[in-house]
Number of protein chains: 2
Amino acid sequence: MSDDTGIATAEQAANDARVLAFGRLLGAANRLEYILGRAIEEECGISHLMFEVLLILGRAGGEGLPMRSIAQEQVLTTGGATRLVDRMEAAGLVSREPARDDRRMQLVRLTPLGERTAVRAARVHAENVQRYFLDPLPAAHRERFAADLRTLSHCARDMLPRLR
Amino acid sequence: MSDDTGIATAEQAANDARVLAFGRLLGAANRLEYILGRAIEEECGISHLMFEVLLILGRAGGEGLPMRSIAQEQVLTTGGATRLVDRMEAAGLVSREPARDDRRMQLVRLTPLGERTAVRAARVHAENVQRYFLDPLPAAHRERFAADLRTLSHCARDMLPRLR
DNA sequence: CCGGAATACCTGACGAGTCAGATACTGTTC
DNA sequence: GAACAGTATCTGACTCGTCAGGTATTCCGG
């Protein structure tokens, strides 16, 4: 279909334009995520990455988690995670404590304030997701839309290791 | 449906969890965008924001555009745009020239190198969008999926002014 | 046990964005 | 035509991430 000279043909350029238009829609999804993040920041006074960490720690149910697992779930390097948790500790949202059985590890745990904030932020975020992400879509579309996103998500997860 | 004590009921919490799961899918779309951006960076040696600027200038068809319109189309402050264009100028991708009729404005224009890079990057990006965004979806789903994304996109665009 | 690989986290230097406040021009009003 | 608001861009100080290279601890083979 494409010649091997590296020079784009007219049809190819036209097709590219169509494909790029699809690609731009991804940017839309991104913008939506951005908006949801900002809303959390304004309504709860924490960055969207802090929010993610609060959710992760909340899911762990009072158990302390090592830094490592925080860095893994975020798209963050371990260095970045260290600094993020530094700030969260300074803000009184989490505490760090060396693990008994492996003193290389620092177990990160929600403080009472962190827990309250996590609950509140989850509530706010759920409301916003409902309002800006679910409500605008026709009800009959939601399931398939979510399934398609999930398909892409798996595909993306497979790609990530190759790129970093 | 929700009581006015501010305390979440069990049903409410369960519903929130469902909604949050939807929300997490947005993160997937984000990750996909991230991957596409990285690919451009690795294959073309420019940041994904530079790529956006190259496309914008390319669409302008040889006309110089003022900084303002670059800052507007990106999710970037004007200060950020200044610095981005600084780097692009240093890399020889664009040139700046004060506008004749309004010397407050700097018209930004693609250099020949910038133009070549724009074409190549567009090609690469179109291929990647095809591969990671379109191909994984069943063909019968693509149109409706795109339409739904477009719906969300409009909704998001309406929100943005309120947040910054 | 002891020395070296592996693991978990931290840190210094840096890159790239934000924000708020210059700076430089334009257009308008009296 | 001088004062003044408005507009376009730039800049200094800062924040928050990355990367590469520590340091401390654990694990394991000989």
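Treat the numbers as computed from the prediction; the structure is a model and nothing was measured. Lettering of chains follows the sequences in order, A, B, ..., and the numbering in each one begins at 1.
For dT18(C), one of the phosphate oxygens OP1 or OP2 lies less than 4.0 angstrom from a side-chain nitrogen or oxygen of Thr77(B).
Counting atom types as modelled, Arg87(A) pairs no side-chain N or O with a base atom of dT15(D) as donor and acceptor under 3.5 Å. Below the 3.5 angstrom threshold, one finds no donor paired with an acceptor across the side chain of Arg104(B) and the base of dT9(D). No donor-acceptor contact under 3.5 Å links the side chain of Arg103(B) to the base of dT9(D).
Each of Arg83(A) and Arg100(B) was assigned the nucleotide of DNA chain C with the nearest heavy atom; the assignment lying further toward the 5' end belongs to Arg83(A). Comparing Arg68(B) and Asp101(A) against DNA chain D, the residue whose closest nucleotide sits nearer the 5' end is Arg68(B). Judged by closest nucleotide on DNA chain D, Met50(A) is the one of Asp102(A) and Met50(A) placed further toward the 5' end.
In this structure, Glu41(A) atom CD and dT18(C) atom P are separated by 12 Å, rounded to whole Å. In this structure, NE2 of His48(A) is placed 14 Å from P of dT18(C), rounded to the nearest angstrom. If you take CE of Met88(A) and P of dG17(D), they are 11 Å apart, rounded to a whole angstrom. To the nearest angstrom, P of dA8(D) lies 18 Å from CD of Glu97(B). Between the CD1 atom of Ile46(A) and the C1' atom of dT15(D) there is a distance of 17 Å, rounded to whole Å. Glu89(B) has its CD atom 13 Å from the C1' atom of dC10(D), to the nearest Å. Taking atom CG of residue Asp86(B) and atom P of nucleotide dG15(C), one finds them 14 Å apart after rounding to whole Å. Here the C1' atom of nucleotide dC10(C) and the CE atom of Met105(A) are 16 Å apart, to the nearest Å.
Put simply, the side chain of Thr78(A) never gets that close to the backbone of Ala71(A): no donor and acceptor are under 3.5 Å apart. A donor-acceptor contact shorter than 3.5 Å is absent between the side chain of Ser69(B) and the backbone of Leu65(B).
The number of heavy atoms from other shown groups lying within 6.0 Å of NE2 (His141(B)) is above 12.
The side chain of Gln106(A) has dC10(C) as its nearest neighbour among dC10(D), dC10(C), dT18(D). Minimum atom distance to the side chain of Leu76(A) is reached by dT18(D), of the listed dC9(C), dT18(C), dT18(D).
Leu54(B) places a side-chain heavy atom less than 4.5 Å from the side chain of Met88(B).
In summary, of the residues considered (Arg83(B), Arg96(B), Arg109(B)), a salt bridge (charged side-chain N to carboxylate O under 4.0 Å, His left out) with Glu89(B) occurs for Arg96(B) alone.
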